[in-house]
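Notes follow the structure.
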2 protein chains.
Amino acid sequence: MKHRPTIRDVARKAGLSLSTVSLVINNRGHVSPGTRESVQKVVRELSYHPTRSARGLASKTSGNIGFILSEEHFSQAEPFYTRIFLGTEFEAREHNYYILLTTVGNQFDPEVYVPRFLLERNVDGIIIAGKVNEKLISHIDSLGLPIVLVDFEIKRAHHSAVLIDNWRGATLAVEHLLALGHKKIAFVGGDIRHPSITDRYEAYHNTLHMAGVFLEESYEVTDEEETSVEGGTSAAERLFASGAKPTAIFAANDAMAIGCIRHLKSRGLRIPEDVAIVGFDDIEISSHIEPHITTIRVLKEEMGKIAVQRVVDSINAKTKIVVTTHVPVELIVRESTVALAHVED
Amino acid sequence: MKHRPTIRDVARKAGLSLSTVSLVINNRGHVSPGTRESVQKVVRELSYHPTRSARGLASKTSGNIGFILSEEHFSQAEPFYTRIFLGTEFEAREHNYYILLTTVGNQFDPEVYVPRFLLERNVDGIIIAGKVNEKLISHIDSLGLPIVLVDFEIKRAHHSAVLIDNWRGATLAVEHLLALGHKKIAFVGGDIRHPSITDRYEAYHNTLHMAGVFLEESYEVTDEEETSVEGGTSAAERLFASGAKPTAIFAANDAMAIGCIRHLKSRGLRIPEDVAIVGFDDIEISSHIEPHITTIRVLKEEMGKIAVQRVVDSINAKTKIVVTTHVPVELIVRESTVALAHVED
DNA sequence: GCTGGATATCGAAACGTTTTTATGTTAGAT
DNA sequence: ATCTAACATAAAAACGTTTCGATATCCAGC
């Protein structure tokens with residue numbers, strides 16, 4: 001197995017010093033066009049390519065971006081964050097970076113466990129998807145690594161973030177139902193402390209009030225733990241148990257919407273004739289379930305791409321820049337919503 | 001920003017040489033229990049952790065495993081390979097590796113493009129998912145890197161592979177239909193040159209023959225290009241156009257099964273009453289589509305995990321070991337199949 | 001013609017490990 | 001006691017880059 005050429009071989013063959021070759025390869029410094037040419041020629045002839053670890057050692061860069069996801073989100077293979085992750089993979093390649101994925105538990109203690117790529121100084125920047133312990137974030141901050149948050153934000157600390165336009169999405173959803181003649185519009189949410197869910201809830205509230213619609217508290221289920229299908233089922237159950245008689249439901253996300261549909265079907269209610277439903281996220285199965293769910297589309301791959309662009313910008317920038325991006329959303333009308341047949345008051 | 005400790009700091013504080021500290025850290029060589037202890041104590045006190053790139057440079061290892069996927073499979077975000085990929089991510093963490101993902105086009109020419117992690121010597125082993133150009137494989141071989149193929153195999157060259165038990169899966173599917181009384185069972189496939197699809201087709205054929213069922217050629221659509229939903233639709237169209245009157249269809253995978261369902265519905269045929277359908281793969285939406293699809297479950301994450309185990313084994317082994325694993329499959333009966341009501345002969 | 005600032009190239013140090021070779025020490029066999 | 005083998009530690013080389021400071025050349029401005 002013959003050794004692959006090193007920068008030394010290139011320098012020798014080109015009759016130049018290591019430093020000059022390095023400058024050419026990195027497109028840096030003052031190198032005359034002539035020597036540049038000849039170096040490039042030799043590089044091509046030897047088909048030389050610098051070794052990542054040597055480069056990393058000397059330049060203190062890794063060429064990697066860390067992607068941190070909470071354990072629950074990863075192991076349940078949630079389609080939402082998976083899509084964001086794939087978006088980062090895609091964009092990272094464009095910028096000559098690789099993505100290193102890791103998961104973290106809910107409680108973070110730097111004494112106990114720190115993502116390995118941080119210990120090994122094996123990333124140049126970090127993307128954090130979804131809600132994680134804030135101690136983890138400040139720990140990474142203290143390492144001086146650029147951070148970009150995706151679908152999560154922290155009011156106090158200033159970090160770049162890529163966010164869903166939750167307020168607008170929820171407004172679109174509720175306005176859609178109002179336009180169809182619905183007034184008794186229930187809200188079904190879980191994990192209400194999550195900034196995204198809070199926003200959706202508040203926008204729901206606001207939109208109804210703006211339209212002059214005021215409902216009893218029983219129309220809002222906000223104390224569910226998880227924004228999962230199961231959470232949706234149990235929330236819907238309690239919604240009806242509380243005596244509410246909604247003609248439409250706005251669910252905090254598609255998973256919960258599916259849970260609602262399940263429960264409604266089990267009650268013998270027809271969707272959308274008896275109860276209309278709008279979800280949020282537009283996960284893949286939403287368009288396959290019966291009935292196809294009307295929802296708010298979120299460009300998940302796009303969010304991942306933007307996150308990578310931000311983190312790469314930060315890596316290259318001298319000064320710390322903070323950019324918050326709200327990714328636009330879109331109402332996708334499918335089968336789960338329909339105009340209210342007759343108003344019963 | 002205070003410098004993080006190096007192995008030198010540890011050695012100094014412990015009053016030992018670099019080499020001894022290194023031996024302790026890597027759990028190698030003869031180090032007395034006493035010194036081992038004291039080194040570990042200092043490591044803890046300084047919270048020292050070796051730097052990946054330095055380690056990589058010295059030991060010529062990267063701590064990474066490359067995952068290669070064809071461009072089409074990645075960009076269409078095919079849920080099948082995505083799941084395998086997530087499985088590798090999961091297992092890699094257990095073995096202290098990271099996965100580096102890259103995609104390759106259909107035609108491979110080492111003169112034109114080589115995955116960057118190969119050029120940079122940034123992986124210790126390679127996992128290849130799905131069908132790729134064989135020139136790529138032999139190129140990697142010539143680099144001396146361990147290779148594990150997933151859902152693909154090459155007859156000539158001997159490589160470790162993790163395969164679906166396609167033969168058994170297809171047999172289960174067809175036997176299930178036979179047991180329900182079906183005889184006119186059509187096969188709908190695409191990309192017939194892919195080893196997995198070929199196997200499914202041949203097992204279909206074989207199972208029918210064993211049962212004494214012989215059908216005209218029009219019952220087999222094997223010349224479709226893609227194993228996609230669209231491919232399924234167009235294949236189903238041609239199936240009926242050819243005059244075949246199947247009471248059941250065995251589709252080469254779930255995507256095609258969905259395409260078939262779409263076409264059958266557009267023809268006004270009821271599933272499963274008029275035509276029963278069995279798919280293959282058990283992708284997520286199969287259990288959400290109406291009707292829920294009877295299919296062959298493939299443990300996709302498991303395949304990714306096994307692939308990582310194999311490649312890690314190969315990395316650690318001195319000699320080249322070749323292991324072929326057939327991952328078991330399972331028949332999942334859902335709504336798209338039902339007993340044949342009345343036999344019309 | 002001298003000075004000073006670009007421009008172009010080089011030499012050497014530095015990056016933080018692992019690995020190889022050497023050296024000393026100890027215990028068991030003779 | 002002596003020799004040998006195993007064990008324990010050390011010293012130094014090697015890994016392949018980048019980067020910093022030095023040196024040399026060139027040209028414009030006075």
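Below, chain A is the first sequence line, B the second, and so on; all start at residue 1.
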Outermost nucleotides of DNA chain D that come under 4.0 Å of a non-hydrogen atom of chain A: D:dG16 to D:dT19
C:dT9 OP1/OP2 closer than 4.0 Å to side-chain N/O of A:Thr35: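 True: A:Thr35 side-chain N/O within range (under 4.0 Å) of C:dT9 OP1/OP2.
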A:Thr20 side chain near C:dT9 phosphate (N/O to OP1/OP2, under 4.0 Å):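 For C:dT9, neither OP1 nor OP2 has a side-chain N or O of A:Thr20 closer than 4.0 Å.
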Parallel, tilted or perpendicular, as decided by the 30° and 60° cut-offs, for the rings of A:Phe67 and A:Phe85: perpendicular
By the 4.0 Å heavy-atom rule, please label [X] as base, sugar-phosphate, or nothing.
X       : answer
A:Ser22 : base
A:Gly15 : sugar-phosphate
B:Ser19 : base
B:Ile25 : nothing
A:Arg28 : sugar-phosphate

Just wondering, more than 12 heavy atoms not from [X] lying within 6.0 Å of its [atom1]?
X        : atom1 : result
B:Glu45  : CD    : yes
B:Lys318 : NZ    : no
B:Lys41  : NZ    : no

Could you state the [atom1]-[atom2] distance from [X] to [N], rounded to the nearest angstrom?
X       : N      : atom1 : atom2 : result
B:Arg8  : C:dT18 : CZ    : P     : 12 Å
B:Leu23 : C:dT21 : CG    : P     : 15 Å
B:Asn26 : C:dT20 : CG    : C1'   : 15 Å
A:Leu18 : C:dA8  : CG    : P     : 20 Å

Difference in axis direction between the ends of the helix from C:dG1-D:dC30 to C:dT30-D:dA1, five pairs, 10°: 40°
NZ or CZ of A:Arg93 within 45° of A:Phe90 ring axis and under 6.0 Å: yes
B:Arg156 and B:Glu134: CA distance, side-chain angles, deciding distance, salt bridge (charged side-chain N to carboxylate O under 4.0 Å, His left out) verdict: CA-CA 11 Å; B:Arg156 300 179 287 293; B:Glu134 297 195 14; 2.6 Å; yes
Heavy-atom pair with the smallest gap, counting every atom of B:Leu101 and A:Tyr98: O-CE2, 3.7 Å
Residues B:Asp124, B:Thr61; criterion side-chain hydrogen bond (donor to acceptor under 3.5 Å, both in side chains); working and verdict: CA-CA 6 Å; B:Asp124 303 333; B:Thr61 70; 4.6 Å; no
Earlier contact from the 5' end, DNA chain D, for B:Leu57 and B:Val31: B:Val31
Worked verdict on B:Asn27 versus B:Arg36 for side-chain hydrogen bond (donor to acceptor under 3.5 Å, both in side chains): CA-CA 9 Å; B:Asn27 241 336; B:Arg36 179 178 304 275; 3.3 Å; yes
